[in-house]
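Working notes, beginning with the structure itself.
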Amino acid sequence: MIKLTEQPIQAEQAIDAVAHCNAGANLLFLGTTRQWTGDQETRELKYECYQEMALKQMQQLHDQAMEKWPLLGVCIIHRLGCVPVGETSIAVAVSSGHRQPAFEAGPWLIDRLKQVVPVWKQEINQQGDSTWVHPLNPGATS
Amino acid sequence: MIKLTEQPIQAEQAIDAVAHCNAGANLLFLGTTRQWTGDQETRELKYECYQEMALKQMQQLHDQAMEKWPLLGVCIIHRLGCVPVGETSIAVAVSSGHRQPAFEAGPWLIDRLKQVVPVWKQEINQQGDSTWVHPLNPGATS
Amino acid sequence: MKINVIVFAAVKEVLGRERLEIDLHAPATVADLRQALLQKHPNITDLMDHCVISVDQEYSDDSTVLKEGCEVGVIPPVSGG
Amino acid sequence: MKINVIVFAAVKEVLGRERLEIDLHAPATVADLRQALLQKHPNITDLMDHCVISVDQEYSDDSTVLKEGCEVGVIPPVSGG
C-alpha cells in the first residue's frame with residue numbers, strides 16, 4: 001500500500017496493510033516529530049509534496065523492495081500538512097516469512113525515501129518561525 | 001515495558017509504550033505465526049515459559065539495549081499459550097532520537113531474546129500433532 | 001513550444017506561485033530549460049544550484065529532451081520522512 | 001540439603017511433572033545436581049545433554065555452587081519469539 005494523507009497515521013493501519021498468513025516477521029517504522037533537536041525546540045513540522053511524482057517514486061520503492069527481498073507486503077504512508085510533536089509523519093511497514101529480509105528492507109526503504117521522494121518539510125519552532133529543512137539543516141525527524 | 005501475556009498483542013500497545021516527545025524514530029517488530037513452512041501447515045503455536053526467569057532475562061535485555069544505544073524506550077511483550085496463524089507471539093518496540101540506533105537495537109533484541117529468554121513453543125499442525133520447536137526444528141515463526 | 005513548470009518549497013516561496021510556463025525553441029533539453037528559467041527569474045539562481053529537474057514525474061539530467069506538453073518539476077533537496 | 005528443581009517443555013512431558021526435589025550433600029555444584037538428577041531419572045539423559053541449568057533464575061555452569069533453598073531450572077533449548 002502506498003498513500004499520502006493529511007490525516008494522522010495509526011500504527012495498526014500500516015501493520016495491517018502488510019499482514020499475511022505466511023508472514024513470521026512484521027516490521028514497522030514510524031518517523032515522528034521530535035520536540036528537541038539539541039537546544040532547538042520544535043512546535044510542528046509542515047510537509048508539502050509533488051503529489052503525482054511522490055506517489056510514483058513511492059510505488060517504485062515498493063516494487064524495488066519486493067524485487068530485492070522475499071517480502072510478503074510493503075506499505076509506505078506519508079503524512080502531509082502539519083505534524084505536531086509526537087505524531088507520525090512517515091510509516092513504513094514490511095512483512096516476510098523470516099525476519100532478516102524485513103530488517104534489511106525496512107531501513108533501506110526509509111533511507112531511499114528520504115533520498116528520492118519529492119516531499120519537503122518546514123520546521124516551525126516555538127516562536128512560530130519556519131525554516132525549510134534540507135541536507136545542511138536536517139531538522140526534527142528520524 | 002516488559003510483559004508476558006496470554007492475551008492477543010496489539011501493535012499500538014507496544015508502539016505506545018515507547019512513545020517519547022524526543023523520539024524521531026520508532027521501530028516495532030512483530031513475530032507472527034506463519035501458516036506454511038515449506039510444505040508443513042501450522043494450525044497454531046503453543047508457548048510456555050519459566051515466568052520469573054523469562055521476565056528477569058527480558059528486563060536484562062531491556063537494560064542492556066538502553067546501555068548499548070541512545071534509546072528513549074524499549075518494550076518487549078511475549079504472548080503465552082496458543083497463538084493461531086497470523087497472530088503475534090512477540091512484539092519488540094524501540095524508540096530513539098534518530099533512526100540508526102532503533103534499526104540496530106531492534107534486530108539485536110529479537111536475536112538475543114531467541115537465545116536467552118526461557119520460552120518454549122510447540123508447533124501444532126493441521127492434524128493436531130504437536131512438536132517441540134528447537135534449533136534443529138525451527139518452526140513457524142520469524 | 002510551451003513547457004509547464006511546477007516549483008516547490010523555497011523556490012515556490014521566492015517566486016510566489018507554483019506553476020510557470022516557459023517558452024522554448026524545439027528541440028530543447030533540460031539544460032535549455034534551466035537557462036531560460038534563470039534568465040526569466042534570476043532571483044532563484046542560488047536555489048536552482050541545488051535543485052534537480054523532473055520530467056513527467058521522473059528524475060532527469062541536463063541532456064534529457066523535453067517534449068511539447070511535458071510537465072517539468074523543479075525539485076529542491078527533498079526532506080521527507 | 002534439598003534443592004528445588006523446575007523442569008520445562010519436553011523434560012516436563014517425559015517426567016510427567018514440573019517440580020522435583022533433589023537431595024544433595026553440601027557443598028554441591030550444578031555438576032553434582034546433574035549427576036543426581038540423571039541417576040534418579042535416567043529417561044531424561046538424552047534431553048539433559050541439550051539442557052542448561054539456571055540457579056535462582058540466572059544461567060549457570062557446572063561449577064556454580066548450590067545453596068540450600070535455591071531454585072534450579074532445567075532449561076531445554078529455548079524457542080521463544
Considering only heavy atoms, which portion of A/Val117 lies under 4.5 Å from any heavy atom of chain C: side chain, backbone, both, or neither? backbone
Contacting region of C/Ile75 [heavy-atom separation from chain A under 4.5 Å]: both
Quick one: which residue pairs count as a salt bridge (Lys or Arg N to Asp or Glu O under 4.0 Å) with a foot in residues 9-20 of chain A, not counting sequence neighbours? none
Most contact-rich option vs chain A, by heavy-atom pairs under 4.5 angstrom, among C/Ala9, C/Pro76, C/Pro77, is C/Ala9
Between C/Val78 and A/Val116 the two heavy atoms that sit nearest each other are CG2-N, 4.2 Å
Looking at A/Glu67, I'd like to know if its CD atom is crowded, meaning that more than 12 non-hydrogen atoms belonging to other residues, nucleotides or ligands lie closer than 6.0 Å. no
Between chain A and chain C, identify all donor-acceptor pairs below 3.5 angstrom, including backbone and side-chain atoms.
from     : atom 1 : to      : atom 2 : distance (Å)
A/Tyr47  : OH     : C/Gly81 : O      : 2.7
A/Glu48  : OE1    : C/Lys12 : NZ     : 3.1
A/Glu48  : OE2    : C/Ala9  : N      : 3.0
A/Glu48  : OE2    : C/Lys12 : NZ     : 3.3
A/Tyr50  : OH     : C/Glu71 : OE2    : 2.4
A/Lys56  : NZ     : C/Asp56 : O      : 2.9
A/Gln60  : NE2    : C/Glu58 : OE1    : 3.4
A/Gln60  : NE2    : C/Glu58 : OE2    : 3.0
A/His78  : NE2    : C/Gly81 : N      : 2.8
A/Ser89  : OG     : C/Gly81 : O      : 3.4
A/Val116 : O      : C/Tyr59 : OH     : 2.5
A/Val119 : O      : C/Ser79 : N      : 2.8
A/Val119 : O      : C/Gly80 : N      : 3.3
A/Trp120 : NE1    : C/Pro76 : O      : 3.0
A/Trp120 : NE1    : C/Pro77 : O      : 3.4
A/Lys121 : N      : C/Ser79 : OG     : 2.9
A/Lys121 : NZ     : C/Ser79 : O      : 2.8
A/Lys121 : NZ     : C/Gly81 : O      : 3.2
A/Gln122 : NE2    : C/Glu13 : OE2    : 3.3
A/Trp132 : NE1    : C/Glu13 : OE1    : 3.2
A/Trp132 : NE1    : C/Glu13 : OE2    : 3.2
A/Val133 : O      : C/Ser79 : OG     : 3.3

